[in-house]
There are 2 protein chains.
Amino acid sequence: MTPRREPLSRRERPAKPALSRQWIVDTAVRIMRAEGLEKVTMRRLAQELDTGPASLYVYVANTAELHAAVLDALLGEVDLAGETAGDGWRDQLLAVLTSYTLVLFEHPQLARSALVARPSGENYLRLLERIVDLLSRSGASREQVAWGVDKLLQDATATAAEQSTREHDPAAEDDWNALTRALHATSRTTHPAIKAHLPALLSGSVAERMRWGFDVLVDGITHTPVPGTADPAPPTSVS
Amino acid sequence: MTPRREPLSRRERPAKPALSRQWIVDTAVRIMRAEGLEKVTMRRLAQELDTGPASLYVYVANTAELHAAVLDALLGEVDLAGETAGDGWRDQLLAVLTSYTLVLFEHPQLARSALVARPSGENYLRLLERIVDLLSRSGASREQVAWGVDKLLQDATATAAEQSTREHDPAAEDDWNALTRALHATSRTTHPAIKAHLPALLSGSVAERMRWGFDVLVDGITHTPVPGTADPAPPTSVS
DNA sequence: ACCTGAACACCGTTCAAGT
DNA sequence: ACCTGAACACCGTTCAAGT
């Protein structure tokens with residue numbers, strides 16, 4: 001506590017805080033918010049923390065683990081209450097999944113990494129708990145709920161991964177235009193089915209499709225028995 | 001045709017073929033098959049083609065476009081006939097989607113890029129045509145078919161992206177173990193729903209889950225009306 | 001134990017210059 | 001028009017050496 005002059009080394013840097021996993025992840029989140037996940041590299045992060053990249057490896061195994069930690073931090077923003085929705089489990093489930101999707105929408109590349117590197121952080125577990133709970137109120141079987149939760153999260157994550165990059169990435173627009181042109185350019189003789197469904201293939205807003213996709217899944221999940229349970233299931237010839 | 005001695009420059013290289021988009025893509029596919037998509041870089045590809053990376057930019061706009069071309073080449077391997085299946089549209093649809101998924105399973109990272117960069121190559125269009133045709137035989141509305149096809153392909157692609165990387169990536173195994181441990185470590189008081197569904201949350205083989213996921217989607221797609229059509233739809237409050 | 005400098009082995013993309 | 005060398009501006013990760 002005695003004001004015995006700090007050495008004032010490192011010129012004047014304002015109180016470079018000690019390295020720690022928490023501090024590293026927080027800084028990574030800050031960089032992502034400001035400039036996107038693609039800028040959250042070991043080297044850039046080290047620079048931001050005023051050290052060399054090698055120092056980070058004491059706290060973080062590799063870039064994938066770093067991104068996983070950033071993802072979990074972000075999942076803390078998901079509105080688990082589903083406040084905006086009514087009282088029914090279905091509306092609340094839709095609200096929670098929509099909130100999850102919107103959070104991922106804000107951060108394009110993170111949705112992609114979520115599809116690949118299975119999260120297991122505390123915020124992810126909280127989200128999972130909430131979704132299992134809500135879906136179980138549908139009255140579906142344990143197995144339907146368990147497998148269904150996976151499908152719901154996969155769908156939301158994939159939608160975010162698809163859509164979000166289309167919003168933020170300049171080239172994504174071109175891809176969509178290319179597909180639109182390609183579909184319109186198909187001939188009636190070689191691609192009759194596409195021709196016959198053309199307007200509908202490209203119709204609907206993102207929100208409309210998301211909403212419909214949710215209904216499709218919930219209807220399907222609650223009405224399709226899981227094979228190998230008490231429910232009368234179709235014979236499964238798959239290993 | 002006269003055997004007038006070739007200059008025999010460049011030492012002895014065996015007939016370096018002229019650069020062309022086709023040749024570039026073919027070489028890229030060969031590298032991917034041998035060493036994975038992560039090795040299909042502009043620099044590595046140029047090296048394989050015995051030139052400098054800058055030369056490739058005459059034929060290919062960037063790495064993303066290159067990967068898209070590789071993906072479309074690969075889609076040529078999908079079994080569109082669904083030979084193995086019976087006569088019903090449902091079995092054939094399952095067969096085609098399974099074939100699509102299996103092709104992506106072989107090449108992990110490509111599935112991920114397929115989720116992001118909407119393909120529009122000729123092989124993709126052929127696949128799309130076939131799936132639209134099969135699903136339309138269900139008798140579902142034009143809109144249900146059109147939007148449903150998207151969901152089916154998204155589901156298959158996401159499953160491949162998720163699963164495949166888990167198979168090929170050494171670290172993916174660890175992720176799954178981490179999740180398994182995290183789920184088992186949850187407390188009954190903070191995560192009761194997870195606890196109650198635990199065995200089922202982790203049960204089922206990939207094939208079983210894929211099969212069930214297909215049934216869920218087809219059931220849901222054919223029974224959930226698309227909003228804004230003649231079908232009696234639930235009121236949509238989403239923009 | 002924690003931190004670091006320096007190195008190794010790579011990337012994508014551009015651009016001026018050549019043929 | 002096509003091709004290229006060389007450069008610019010980056011990467012992740014490791015390792016021996018320091019404190």
(request) For nucleotides C:dC10 and D:dA9, find the distance between their P atoms and express it as a whole number of Å. (result) 23 Å
(request) May I have the distance from B:Ile24 (atom CD1) to D:dC3 (atom P), rounded to whole angstrom? (result) 8 Å
(request) Give a yes or no answer on whether the side chain of A:Arg130 reaches the backbone of A:Ala81 with a donor-acceptor pair at less than 3.5 Å. (result) yes
(message) Between the side chains of B:Arg21 and B:Glu65, is the shortest nitrogen-to-carboxylate-oxygen separation below 4.0 Å, so that they form an ion pair?
(response) yes
(request) Any pair with a residue in residues 176-194 of chain B that passes salt bridge (Lys or Arg N to Asp or Glu O under 4.0 Å), sequence neighbours left out, goes on the list, sorted by first then second residue, please. (result) none
(request) Considering just the side-chain nitrogens and oxygens of A:Thr51, establish if one lies under 4.0 Å of OP1 or OP2 belonging to C:dC3. (result) no
(message) In this structure, how many angstroms lie between the C1' atom of C:dC3 and the CZ atom of A:Arg21, rounded?
(response) 18 Å
(request) For DNA chain D, just give me the dot-bracket, please: Watson-Crick or G-U, both distances below 3.5 Å, ( ) intra-strand, [ ] crossing earlier pairs, | paired with another strand, . unpaired. (result) ||.|||||...|||||.||
(message) Let's go through A:Leu93 and A:Phe214 carefully: what are the C-alpha distance in whole Å and the side-chain angles of both, what is the deciding distance for side chain to side chain contact (heavy atoms under 4.5 Å, CB included) to 0.1 Å, and is it a yes or a no?
(response) CA-CA 9 Å; A:Leu93 183 54; A:Phe214 171 79; 3.9 Å; yes
(request) Compute whether any side-chain donor of one residue and acceptor of the other, for A:Asp150 and A:Gln154, lie under 3.5 angstrom apart. (result) no
(request) Could you run through nucleotides 8-19 of chain D and give me one letter per nucleotide, 5' to 3': B if any protein heavy atom sits under 4.0 Å from the base, S if only the sugar-phosphate is that close, - if neither? (result) ---BBBBB----
(message) Show, in sequence, the C-alpha distance, side-chain angles and deciding distance for A:Thr101 and A:Thr98, and conclude whether the side chain to side chain contact (heavy atoms under 4.5 Å, CB included) test is met.
(response) CA-CA 5 Å; A:Thr101 310; A:Thr98 301; 5.6 Å; no
(request) Write out all pairs satisfying salt bridge (Lys or Arg N to Asp or Glu O under 4.0 Å) with one or both partners inside residues 67-77 of chain A, taking only residues at least two apart or from two chains. (result) A:Arg33-A:Glu77
(request) Could I get the full list of side-chain hydrogen bond (donor to acceptor under 3.5 Å, both in side chains) partners for B:Lys195, not counting sequence neighbours? (result) none
(request) Any chance you could lay out the side chain to side chain contact (heavy atoms under 4.5 Å, CB included) test for B:Asn123 and B:Leu127, step after step, and finish with the verdict? (result) CA-CA 6 Å; B:Asn123 286 322; B:Leu127 173 66; over 6 Å; no
(request) May I ask you to check whether A:Ser203 and B:Glu143 show a side-chain donor-acceptor distance below 3.5 Å? (result) no
(request) May I ask you to list the residues of residues 25-36 of chain A, by number, that have any heavy atom positioned under 4.0 Å from an atom of DNA chain C? (result) none
